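Computed from a prediction, not measured in an experiment: that's the story for all the values here.
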Amino acid sequence: MSEPTGVIHDIGYRHYDGVRLGRAHATLSLTLHSLRGVFGLGRTARSKIIPFLLAGVMMLPAVVSIAIMALVKQEAIGYTTYAVTMQAVLAIFLASQSPYTVAPDLRFRVLPLYLSRPVTLIDYVGAKLAAMTVAMFLLLAVPLTVLFVGELVIDLPGPAHTSAYLTSMAGAVAYAVLLACLGVAIASFTPRRGLGVASVIAFYLLTSAVSTVVAATMESVNNYTAAAWAWMINPFFLVDAAVQVGLFGAAPSAPTTYPAGAGVAVAILLMLALIALSVTALVLRYRKAAAR
């Protein structure tokens, strides 16, 4: 009985005496961490393949257009039509990367650790949305900027298309916000990345197919007003109608014109409603997950 039955080890735990950077710094750190993860930075080499491959595909039309401008001195692709032309690539990027921002935390139930302190639920959701929004904006804005710089260097006849470029950048902001909110909200309803990818892709394919079929059907019976509304079922055409065409007067990217007058206000309200609905659904989803 005189032999010791246990040993107490002093492993050096002590209170943190450094600078406490607070809630804003924690939220910013979470945003940067999520943004790096979207592009595979800090992850395995395999995680970098898809985002950088899709970024390269997004750059391809800009590079080809610059080459054409250098050869024939003529614009090959419009700035405001770039997003609609490359919508499939943007949708694939959104579907493949948005589940990363939400699925791991939901699957491994680490959300309560984030929310212990000082990050709040709104901070967490805002950080995830901000990271995906910045990623989508960079994916679209970088090739548009490269295209504009190429046009300035080649010096095409006539004035530079500065107004079209600025309009496309405003559209890029709207595309990034709407698509990021939709993608992250849809992906948050499953902790499985594969199901999240499939859900976002299914949403894009459904809205794209429905808008095309309904618009074609309406045009076949000469109801062009209904066809113009039908194109806006697709989120890409909705942003084009609300921002690039409605606010800045660009040429429509859809095969037909969009509703004018009150239709512009309706398109803007629809876009804002989708963003608000997505954010609300995301907050409710995480509030439920944090309560477990």
Side-chain angles (χ1 to χ4, degrees), residues 58 60-62 64-65 68-69 74-94 136-137 139-141 143-145 147-148 151 156 158-183 203-275:
M58 283 294 297
L60 189 59
V64 173
S65 182
I68 294 175
M69 286 190 293
Q74 185 177 352
E75 183 183 13
I77 185 172
Y79 293 97
T80 57
T81 61
Y82 204 100
V84 172
T85 303
M86 303 299 291
Q87 61 177 290
V89 180
L90 291 169
I92 293 173
F93 183 90
L94 179 68
M136 295 299 297
F137 176 75
L139 190 68
L140 183 55
L144 287 171
T145 303
L147 180 61
F148 182 65
E151 179 186 347
L156 294 178
H161 297 82
T162 306
S163 177
Y165 167 70
L166 295 177
T167 298
S168 68
M169 295 301 287
V173 173
Y175 281 118
V177 173
L178 178 60
L179 294 176
C181 290
L182 289 173
F203 174 80
Y204 165 70
L205 293 177
L206 179 63
T207 55
S208 178
V210 169
S211 66
T212 303
V213 170
V214 173
T217 302
M218 293 298 100
E219 288 179 358
S220 66
V221 295
N222 297 325
N223 191 345
Y224 296 103
T225 301
W229 285 104
W231 283 113
M232 291 192 293
I233 297 175
N234 186 328
F236 288 92
F237 290 122
L238 176 61
V239 172
D240 184 46
V243 179
Q244 298 187 144
V245 177
L247 294 181
F248 295 98
S253 300
T256 185
T257 57
Y258 302 116
V264 175
V266 173
I268 295 174
L269 290 176
L270 286 175
M271 184 182 69
L272 295 177
L274 281 176
I275 294 173

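Counting all heavy atoms, side chain and backbone alike, Ser253 lies closest to Val84 at CB-CG2, 3.6 Å. The shortest heavy-atom contact between Ala251 and Thr80 is O-OG1, 4.3 Å. Of all non-hydrogen atoms in Thr167 and Ala250, the two that sit nearest each other are CG2-CB, 4.2 Å. Ile77 and Pro61 get closest at one heavy-atom pair: CD1-CB, 4.3 Å. Annotation for Ala215 and Ala230: closest pair N-CB, 3.7 Å, computed over non-hydrogen atoms.
Inter-residue side-chain proximity for Leu140 and Met58 is flagged as met; some heavy-atom pair is nearer than 4.5 Å. With contacts defined as side-chain heavy-atom distances shorter than 4.5 Å, the pair Val266/Met232 does not qualify. Contact check for Trp231 versus Thr212: side-chain heavy atoms found under the 4.5 Å cut-off. Two residues are said to be in side-chain contact when any heavy atoms from C-beta on lie closer than 4.5 Å; Ile268 and Leu247 meet this criterion. Between Pro235 and Thr207 the shortest side-chain heavy-atom distance falls below 4.5 Å.
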side-chain contact (heavy atoms from CB on, under 4.5 Å) between Tyr258 and Asp240, worked out: CA-CA 9 Å; Tyr258 302 116; Asp240 184 46; 2.6 Å; yes
Trace of the side-chain contact (heavy atoms from CB on, under 4.5 Å) decision for Val173 with Val243: CA-CA 10 Å; Val173 173; Val243 179; over 6 Å; no
Stepwise side-chain contact (heavy atoms from CB on, under 4.5 Å) check, Leu144 with Phe148: CA-CA 6 Å; Leu144 287 171; Phe148 182 65; over 6 Å; no
Leu179 and Phe236: CA distance, side-chain angles, deciding distance, side-chain contact (heavy atoms from CB on, under 4.5 Å) verdict: CA-CA 9 Å; Leu179 294 176; Phe236 288 92; 3.7 Å; yes
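With hydrogens and angles disregarded, a donor-acceptor distance shorter than 3.5 Å links the side chain of Glu151 to the backbone of His161. With Thr85 contributing its side chain and Thr81 its backbone, the two residues share a donor-acceptor pair below 3.5 Å. Between the side chain of Tyr82 and the main chain of Ala62, a donor-acceptor pair closer than 3.5 Å is present.
One finds the OG atom of Ser65 at 4.5 Å from the CG atom of Leu147 (value rounded to the nearest 0.5 Å). For the atom pair CG of Leu90 and CE of Met136, the computed distance is 5.0 Å after rounding to the nearest 0.5 Å. In this structure, the separation between OH on Tyr175 and CE on Met271 is 10.5 Å, given to the nearest 0.5 Å. Remark: Glu219 CD to Thr225 OG1 distance equals 11.0 Å, nearest 0.5 Å.
For Ala226, the side-chain contact (heavy atoms from CB on, under 4.5 Å) test picks out Met218, Asn223, with sequence neighbours left out. Annotation: side-chain hydrogen bond (donor to acceptor under 3.5 Å, both in side chains) contacts of Thr145 (sequence neighbours excluded): Tyr165.
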